[in-house]
Amino acid sequence: MTNYEPVAENKYELTILAKVKENPESSDYKTVEEYPLTITVAQEEGPNNDTSLKGLANNNTTWANMTNYTIDNNAQKITVTFKFGYNGPTLSSSTPLASGDFAATAADAGATVAVTAPTEADSIAEVTVTADSGSTAIYDLYYEYEAAFESFTIPGQTGETEFVYNGKTGNQININVPYGYDLNKVVPTFTLVDGIENLFVYGVTRPLLSPR
């Protein structure tokens with residue numbers, strides 16, 4: 001085997017020589033084959049720079065009433081959809097949002113997650129991912145809620161019906177009617193989404209209306 005020689009950065013080359021004796025009684029050898037051997041030495045890895053989110057934490061009761069979610073690592077936006085009639089968790093919930101509710105892609109490489117108060121309108125919280133290198137990415141967390149109605153109209157309304165779904169409270173149906181409209185005998189026509197069978201009024205034990 002020859003001495004190694006550097007041929008490039010972190011790359012070295014040497015030659016392995018295959019020799020045989022001139023004769024069984026001799027101590028002299030002759031080279032019959034040569035095998036070039038190139039050795040590349042890996043560079044030391046620097047700190048990981050991955051600030052992306054892999055997803056929401058698995059097997060977490062925080063997301064028990066979630067139906068789906070999306071994470072846009074480019075726009076740094078998290079959108080979580082909940083079942084109709086359920087509130088999403090906030091920083092002030094009895095079980096508040098916490099760093100353990102989110103999973104960083106490079107958690108095994110030292111990336112950490114922090115959850116803080118929002119700065120964007122309608123955002124629930126800010127989720128900050130800090131990579132091992134110190135780089136950070138701030139994600140805005142938003143909630144959406146499944147609809148209760150596929151449609152809802154009343155006779156003589158003007159324009160389209162507006163639906164607002166905002167968790168367990170704050171849901172609204174907004175309809176415009178002409179001036180002088182008689183509100184005493186309004187009979188709506190509506191279609192409920194799958195899984196909702198009837199509508200009730202608070203304090204009334206029987207359904208207010210059946211789907212039409």
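Start at 1 with the first residue, then count along the sequence. The structure presented is a predicted model; accordingly, all values stated were derived computationally and were not measured. Note that these values count all heavy atoms, side chains included, but never hydrogens, waters or copies made by symmetry.
Closest approach of Pro188 to Phe152, counting heavy atoms only: CB-CZ, 3.4 Å. Val187 and Pro155 get closest at one heavy-atom pair: O-CD, 3.4 Å. Across every non-hydrogen atom of Thr90 and Ser93, the tightest pair is N-OG, 2.7 Å. Across all non-hydrogen atoms, the minimal contact from Ser94 to Pro96 is O-CD, 3.4 Å. The shortest non-hydrogen separation linking Ile124 to Pro89 is CG2-O, 3.8 Å. The minimum heavy-atom distance between Phe84 and Tyr165, with the atom names listed, is CE1-CD2, 3.7 Å.
Linking ILVMFWY side-chain heavy atoms closer than 4.5 Å, directly or via other members, places Val80 and Ile138 in two distinct hydrophobic clusters. Clustering ILVMFWY residues whenever any of their side-chain heavy atoms sit less than 4.5 angstrom apart, transitively, puts Ile39 in a cluster other than the one holding Val7. Both Leu183 and Ile154 are assigned to one and the same hydrophobic cluster, defined by single-linkage of ILVMFWY side chains at heavy-atom distances under 4.5 Å.
The ring pair (Phe, Tyr, Trp, His ring centres under 6.0 Å) contacts involving residues 60-80 comprise Trp63-Phe102, where partners must be two or more places apart or lie in separate chains.
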Under 3.5 Å, sequence neighbours excluded: what are the donor-acceptor pairs made by side chains of residues 172-180?
from	atom 1	to	atom 2	distance (Å)
Asn174	ND2	Glu162	OE1	2.8

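A search for side chain to side chain contact (heavy atoms under 4.5 Å, CB included) contacts involving Ser99 returns Val113, not counting sequence neighbours. The side-chain hydrogen bond (donor to acceptor under 3.5 Å, both in side chains) search around Asn74 returns none, not counting sequence neighbours. For Ser133, the side chain to side chain contact (heavy atoms under 4.5 Å, CB included) test picks out Pro47, Asn49, Ala131, Ser135, with sequence neighbours left out. Residues that satisfy the side-chain hydrogen bond (donor to acceptor under 3.5 Å, both in side chains) test with Gln157, not counting sequence neighbours, are Thr161. Not counting sequence neighbours, the partners of Thr116 by the side chain to side chain contact (heavy atoms under 4.5 Å, CB included) test are Glu126. Taking Asn68 as the reference, Thr81 meet the side-chain hydrogen bond (donor to acceptor under 3.5 Å, both in side chains) condition, with sequence neighbours excluded. Listed by chain and number, the residues in a ring pair (Phe, Tyr, Trp, His ring centres under 6.0 Å) with Tyr139 amount to none (sequence neighbours excluded). Residues forming a ring pair (Phe, Tyr, Trp, His ring centres under 6.0 Å) with Tyr143 (at least two apart in sequence, or on another chain): Phe82. In terms of the ring pair (Phe, Tyr, Trp, His ring centres under 6.0 Å) criterion, Tyr181 has no residue partners (sequence neighbours excluded). Shown here are the side chain to side chain contact (heavy atoms under 4.5 Å, CB included) partners of Glu9, two or more places apart in sequence or in another chain: Gln43.
Annotation: side chain of Glu146 is in contact with side chain of Lys83 (closest heavy-atom distance under 4.5 Å). At least one side-chain heavy atom of Leu97 sits less than 4.5 Å from a side-chain heavy atom of Leu141.
Within a 6.0 Å radius of CG in Asp122, other residues, nucleotides and ligands contribute 12 heavy atoms or fewer. The local environment of CG in Asp182 is crowded, with over 12 non-hydrogen atoms from other residues, nucleotides or ligands closer than 6.0 Å.
At least one donor-acceptor pair closer than 3.5 Å links the side chain of Thr105 to the backbone N or O of Lys54. Remark: side-chain polar atoms of Asn73 are paired, donor with acceptor, to backbone N or O of Leu53 under 3.5 angstrom. Here the side chain of Ser123 pairs no donor or acceptor atom with the backbone of Tyr142 at under 3.5 angstrom.
For the atom pair CG of Leu37 and CG of Leu14, the computed distance is 4.5 Å after rounding to the nearest 0.5 Å. Between the CG atom in Asp72 and the OG atom in Ser52 there is a gap of 12.0 Å [rounded to 0.5 Å]. Ile16 CD1 to Glu33 CD: the interatomic distance, rounded to the nearest 0.5 Å, is 11.5 Å. Considering CD of Glu13 and OG1 of Thr38, their distance stands at 4.0 Å, rounded to 0.5 Å.
Using the six-membered ring where Trp is involved, Phe190 and Phe149 have ring planes that are perpendicular, over 60° apart on the 30 and 60° scheme.
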